[in-house]
There are 2 protein chains.
Amino acid sequence: MNESEAATPRQRYRAQVREEVKKHAWQQIATAGASALSLNAIAKQMGMSGPALYRYFANRDELITELIRDAYRSLSETFRARAAAGADLGDLARTLRTWALADPQRYLLLYGTPVPGYQAPEDTARTADEVMSVILDACGADGLPALPQSPLQAHLADHQAWTGQHPAGAPALQRALTFWTRLHGVLSLELAGQFTGMGFDPAQLYAAEAQAIAGR
Amino acid sequence: MNESEAATPRQRYRAQVREEVKKHAWQQIATAGASALSLNAIAKQMGMSGPALYRYFANRDELITELIRDAYRSLSETFRARAAAGADLGDLARTLRTWALADPQRYLLLYGTPVPGYQAPEDTARTADEVMSVILDACGADGLPALPQSPLQAHLADHQAWTGQHPAGAPALQRALTFWTRLHGVLSLELAGQFTGMGFDPAQLYAAEAQAIAGR
DNA sequence: TTGCTTGCGTTAGAAGTTATAACACCTAGC
DNA sequence: GCTAGGTGTTATAACTTCTAACGCAAGCAA
C-alpha cells in the first residue's frame, strides 16, 4: 500500500511491476516449489526479456526474500486480526491450519527446509515475533488444559531472549513453544504429503493436538 | 553390501564408483542443501567429465532418490538395532534426535519440504514402514503416560491403512502418530534454524516432548 | 518549450547447469 | 586372440542466473 500510492508515476509503475512479478512467482512456487522458481520464465510470462527483471529485483534471492517477507506479513496480519476479534488459542490453531492449507508452499517457504546458511533479514524476524506475541497473549488465558510439569519450565524462565518484553509466565512460555512445535509437526508432515496413503484424516490429528494444548 | 560383492569385476567397479558419487553428493548436500546438488560438480571433484556420471545415474532425480533410499535404510537400521537392544519409546526418541543431528540435511531430505508432485518409489515407503513398525511396537508397552482421550482414537481405529498387520490398539496408534509429529515438530524447526537467537536450548524442549509421550 | 537526467528494456555474452549423441578405447569373457 | 559391452571422452542443445553496453522515452526542470 505504502508503495503503490507513492508520489511519482515512475515509483507507482515500479511498484506495480514488482507486484506482478511476485504474483507470477507465487504461481510458479505453488506448482513447482521454490527451488524451481525461474526469473527468466517469469519475465517471459510477463512478455519481457529475462534481464529486464533485474531492474526490479537484484537477484533471485532478493525476490524470494521479498516473498518470505510478504508471507510473514500475511500470517501476522491474519493472526492479529483474529486476535483482535477475540480469538482464543484454539481459534488461532484453526486459523494457522486454514492459512497454511490456503497455500501450502507459502507455509513451507516460511517453515520448511531452508538453504543452509540462509540468513533471514532483520525485519522478517520482527514480523515473526509479532506472530509469537499473539500466541503468547493467548497462552496467558485462564482455563487452558494443564501441561505436564517439567524441568523445561525452569529452563525457559531463565532463557527468555525470544519473549522480548512480553510478561508471560513460565507455563505460558512452554505452552506457546509447544503450540508452535506440535502444530507445525502435524502441519508440515501433512503438507509434505507424508500422510498420504495412510488412510486417516490429518484434520482430526491436528484437532486432537490443538485440543491438547488449547482445550475445547 | 549386496552390490559391492557382486560377481564380475565390472559390477564391482560400478558399485564402487556409485558409492563414491553418493559420498560426494552427501558432502554437497550437507553444505549447500539438496537443491544445490550438481552432478557436474561431483564429476569434476572425482576427476572426470560431466556426462560420465550419467553412466552411473540416469539423471539428478535418480541420484537423489538413491540418497533418500539410503537415508531411510540408515534410519530403519538404526531404529531396529536399538529396538533389538531393548530400547523403549524414550530411547527411540533420543535415537531419532541423535540420528538427525548427525546429518541435518539427511533428515531434512526425508522429512523436509519435498518438490510438489514428487512421488517416492515403492520400496522407500516400505522402509519407512519398518521405522513406524518399530515405533508401534514400543507404543504397545505398559506404563506409558496417559494421552488425553479424544475422538481421534475412534477415528484411527477405523482408518488403519498405515498399520499393516500390526496388532496395535487405538491408544498405541495415537501415541505412535503423536510421537512422530511432535518430535518432528521440534526437530525440524531446530534443524531449520528457527530457534537460533531465541536463547533456550532445543534439547530441553525436545526432552520435554519426548517425556510427555514416552515417559521417563 | 527545450533540454537533460534518470530509469527501463533491449541484445549480447559469460559462466554455470542438465542431459543427449556420437565417438574412442579398454577390458572382460568367450 | 577376438569381439562385444561397458566406460569415458568431446560436442552440442537448451536451459539457468546475472553483467555489460546500448538506445529510447518519460518525467522534471529551467
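By convention in this document, chain letters (A, B, ...) are assigned in the order of the sequence lines, proteins followed by strands, and residues within each chain are numbered from 1. None of these values were measured; they are calculated from a predicted model.
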Check your understanding: Would you call B:Asp123 and B:Arg126 a salt bridge, using N to O less than 4.0 angstrom?
Key -> no
Point to revise | Salt-bridge present (A:Arg69, A:Glu66; N to O < 4.0 Å) | key: yes
Point to revise | Cation-pi check, A:Arg97 onto A:Tyr206 ring (under 6.0 Å, within 45° of axis) | key: yes
Review point. Just checking, A:Arg94 and A:Trp99: is the charged tip under 6.0 Å from the six-membered ring centre and within 45° of the axis?
Key: no
Mind checking if [X] touches a base, just sugar-phosphate, or nothing, with heavy atoms under 4.0 Å?
| X | answer |
| --- | --- |
| B:Tyr56 | sugar-phosphate |
| A:Arg55 | base |
| B:Leu53 | nothing |
| A:Ser38 | sugar-phosphate |
| B:Asn40 | base |

d([atom1], [X]; [atom2], [N]) in whole Å:
| X | N | atom1 | atom2 | result |
| --- | --- | --- | --- | --- |
| A:Arg60 | C:dT17 | CZ | P | 15 Å |
| B:Tyr54 | D:dT7 | OH | P | 17 Å |
| A:Arg10 | D:dA29 | CZ | C1' | 14 Å |
| B:Leu39 | D:dC15 | CG | C1' | 15 Å |
| A:Leu37 | D:dT16 | CG | P | 11 Å |
| B:Gln28 | C:dT18 | CD | C1' | 14 Å |
| B:Arg18 | D:dT7 | CZ | C1' | 15 Å |
| A:Asp61 | D:dC18 | CG | C1' | 12 Å |

Point to revise | Given DNA chain D, 5'-ward residue of the pair A:Pro51 and A:Ala41, judged by closest heavy atom | key: A:Ala41
Check your understanding: Looking at B:Ser49, does any N or O in its side chain come under 4.0 Å of the phosphate oxygens OP1/OP2 on D:dG8?
Key -> no
Point to revise | C:dC8 phosphate, OP1 or OP2, under 4.0 Å from A:Arg14 side-chain N/O | key: yes
Check your understanding: Looking at side-chain heavy atoms only, is the closest gap between B:Trp180 and A:Val186 below 4.5 Å?
Key -> no
